[in-house]
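Down below is the structure, laid out as structure tokens.
Protein chains get the first letters and strands the later ones, always in sequence-line order, with residue 1 at the start of each.
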Amino acid sequence: MSSILSVQNLNKSFGNKHVLHDVSFDLKKGHIVGLIGPNGAGKSTLMKTMLGLFNYDSGSVKIAGETVTPQKHESLSKVGALIEYPGIYPFLTGWDHLQLFADGDHQLIHIQKIISQLNMDSYIKRKAKGYSLGMKQKLGIALALVNFPDLVILDEPMNGLDPQATKDLRDLIISESQKGTTFLISSHILSELQRLAQDLLIIDEGSIVQQTTMHELLASQGKQTIMLMTSDDKKARELLKKAKFQTTPDPRVEVVAKDDETMPEVLRLLIEGGVDVLDVTRLEGNLESSLLEVLKQSRIKKRLAEEQAE
Amino acid sequence: MYTLVKQESFKLTKKVSTWISTGFLVGVEILFAFLSRIYPQTFVPANMFESLYFARPIIIFYMIAAAATIITMEFQYGTMKQVLYRRYSRGQILVSKWLAIFLYTLYWYVISTGVALLLKAMLFHHTLSIHQGAGDGMSIFTRGLAISAASFVSLWLLLSVVFLLANLFRNSAAAVSVGIIGYFAAYIVTQLLTILIQKWDWAKWNPVTMTLYPSMLARPGYYQPLLNMQGWQMLLGNLIYIALFLGIGYYVFNRRNV
Ligand SMILES: Nc1ncnc2c1ncn2[C@@H]1O[C@H](COP(=O)(O)OP(=O)(O)OP(=O)(O)O)[C@@H](O)[C@H]1O
Ligand SMILES: [Mg+2]
């Protein structure tokens with residue numbers, strides 16, 4: 001079976017500014033894929049190109065096997081999207097918006113379902129010009145999901161959402177993905193993405209730097225950290241420093257574990273030094289530090305390659 | 001396509017300005033009908049009826065604004081992306097907007113003609129007959145319809161330019177100003193135009209001449225020799241320019257980055 005979305009050797013420029021370089025990837029059906037990278041990396045540009053909003057120089061974008069171009073893109077009937085910020089008509093109500101963009105069978109049922117899933121009942125019949133930032137954002141997400149499409153593309157969907165709305169959205173994304181919907185989500189809120197995404201596309205300066213799974217990335221970059229609560233943090237830090245353990249600048253006592261031996265060594269050292277250990281936690285590698293590390297490495301590699309080319 | 005036109009019309013009906021401007025148009029017609037009843041020497045009832053109680057210029061201004069905003073509104077509210085990334089092609093989206101504006105133009109002409117007939121029946125029941133002769137074998141009613149049809153055509157010439165500019169600049173101010181200037185341009189430069197046309201006959205085929213089509217129907221004896229043109233030539237010229245400007249707008253819209 002062909003993948004729901006396949007991008008091959010995509011190149012895109014604005015004038016003589018080359019923004020996407022030979023981007024290629026496939027999305028697996030039913031997966032939640034995070035698209036991450038620094039500001040200006042080309043995330044929104046990539047998404048817009050996939051949605052037929054931009055012309056591209058070369059390469060191909062296929063949704064369910066059909067090519068997407070700005071002129072022709074019937075396969076977008078299988079796609080829902082929210083790019084950058086929601087487009088809202090101030091003179092229409094939220095309900096009017098959903099009605100306008102609902103498509104296919106069971107429109108009314110779908111509209112009612114998405115409203116209750118995102119908890120929008122209280123204001124959905126009001127004119128959108130009176131909506132708050134988060135209300136508009138939720139309406140934008142509802143518009144992306146109202147047709148319960150096969151592929152959902154969300155650019156910064158958590159922008160401006162309160163904790164409850166963030167949780168509602170997370171639950172909705174997970175339950176829809178279990179039913180087979182594929183999600184491509186870009187976000188700078190990495191802690192949130194870490195809880196959602198299974199696969200990751202890391203993009204920097206318009207190129208895909210790494211395509212991997214969340215698990216692999218965290219494991220490979222997983223510099224595990226041991227966090228300690230002690231009866232005397234100051235003394236503990238001194239002891240660790242003397243014994244040449246690597247600590248972190250964190251105000252809590254944290255030791256970087258080089259191997260499996262580190263934990264018992266640290267505990268022995270502290271107890272023998274007369275410090276009581278109250279609690280010990282192993283911190284998993286997190287997405288933020290892993291991402292920064294990957295980006296650093298890839299930029300170093302790129303500079304080296306450039307220097308060699310000269 | 002039917003769905004898209006319905007969606008565009010839905011947006012129009014939900015705008016408060018649509019209903020306010022309808023109220024205003026009806027108000028103006030009523031005002032001029034009463035003026036014509038009270039001061040029949042200044043506001044000659046037959047002429048006033050023929051001019052739909054001053055409705056036509058108002059319709060033209062409304063439609064210039066409506067054609068510009070139906071495009072620029074989507075850029076202004078950031079909704080163009082959402083409108084485009086659906087299964088419909090770019091061409092279908094643009095054509096649906098043209099059709100919605102076409103229907104909207106019809107709406108205005110039907111309303112204004114209906115109100116004019118109603119006012120005539122109420123205020124001039126015994127003093128004015130719509131079958132009264134208006135020269136050239138036409139009654140004031142058929143003459144009124146003919147002028148409406150001609151102004152409809154030349155209005156669309158203006159609208160095709162407005163569509164193109166709204167597309168190019170994404171800004172309704174620019175598109176509306178050029179539309180309104182276009183409306184007055186012909187009257188302002190009529191003299192210059194006639195001098196040019198007397199000198200070089202082919203100069204009559206420029207788009208500004210075409211906007212004089214309804215004026216020519218209203219005063220055929222005056223304009224025909226001046227512009228050296230027949231009614232059918234004017235109609236043809238209008239249609240060709242409309243197709244040309246809409247065509248360029250279509251090309252631009254299909255190729256732009258949103
Ligand atoms: N319409 C445009 N015209 C010219 N350049 C553009 C345009 N849109 C984006 N760019 C350029 O393309 C590059 C990628 O921009 P893009 O918006 O895709 O970044 P992003 O990864 O989404 O960043 P962010 O995290 O800030 O949203 C940037 O260098 C930007 O300046
Ligand atoms: Mg972006």
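- Contacts between A/Lys129 and chain B at a heavy-atom distance below 4.5 Å are absent for every atom of the residue.
- Heavy atoms of B/Val16 lying under 4.5 Å from chain A are absent altogether.
- In the displayed structure, B/Phe34 atom CZ is contacted under 6.0 Å by at most 12 heavy atoms of other residues, nucleotides or ligands.
- Residues of residues 135-162 of chain A that come within less than 4.5 angstrom of chain B, heavy atom to heavy atom, are A/Leu143 in numerical order.
- Atom CG of A/Asp103 and atom OG1 of B/Thr3 lie 7.5 Å apart (nearest 0.5 Å).
- Between chain B and the residues A/Lys72, A/Lys48, A/Glu74, the most heavy-atom pairs under 4.5 angstrom are made by A/Glu74.
- No more than 12 heavy atoms of other residues, nucleotides or ligands lie within 6.0 Å of CZ in B/Phe54, so this atom counts as exposed by the packing criterion.
- At most 12 heavy atoms of other shown residues, nucleotides or ligands fall within 6.0 angstrom of atom NE2 in A/His106.
- Taking all atoms of both residues into account, the shortest heavy-atom contact from A/Asn55 to B/Arg256 is ND2-O, 4.3 Å.
- Rounded to the nearest 0.5 angstrom, A/Lys127 NZ and B/Lys14 NZ are separated by 6.5 Å.
- Heavy atoms of other residues, nucleotides or ligands lying less than 6.0 angstrom from NZ of B/Lys6 number 12 at most.
- To the nearest 0.5 angstrom, B/Arg87 atom CZ is 10.5 Å from A/Lys78 atom NZ.
- Looking at B/Phe253, neither its backbone nor its side chain comes within 4.5 Å of chain A, counting heavy atoms on both sides.
- Contact between B/Arg86 and A/His73 at its shortest, heavy atoms only, is O-CD2, 3.0 Å.
- Contact of the A/Leu100 side chain with the B/Lys11 side chain is registered, since non-hydrogen atoms from C-beta on lie closer than 4.5 Å.
- Residue B/Phe10 places its CZ atom among more than 12 non-hydrogen atoms of other residues, nucleotides or ligands, all under 6.0 Å distant.
- Taking a 6.0 Å sphere around CZ of B/Phe102, one finds it holds 12 or fewer heavy atoms contributed by other residues, nucleotides or ligands.
- For B/Gln92, no part sits under 4.5 Å from any heavy atom of chain A, backbone or side chain.
- Around atom OH of B/Tyr2, no more than 12 heavy atoms belonging to other residues, nucleotides or ligands sit under 6.0 Å away.
- Inspection of non-hydrogen atoms places A/Ala81, A/Leu82, A/Ile83, A/Glu84, A/Tyr85, A/Pro86, A/Gly87, A/Ile88, A/Tyr89, A/Pro90, A/Phe91, A/Leu92, A/Asp96 of residues 81-98 of chain A under 4.5 Å from chain B.
- Between B/Tyr85 and A/Leu53, the shortest heavy-atom distance links the atoms CD2-CD1, 3.9 Å.
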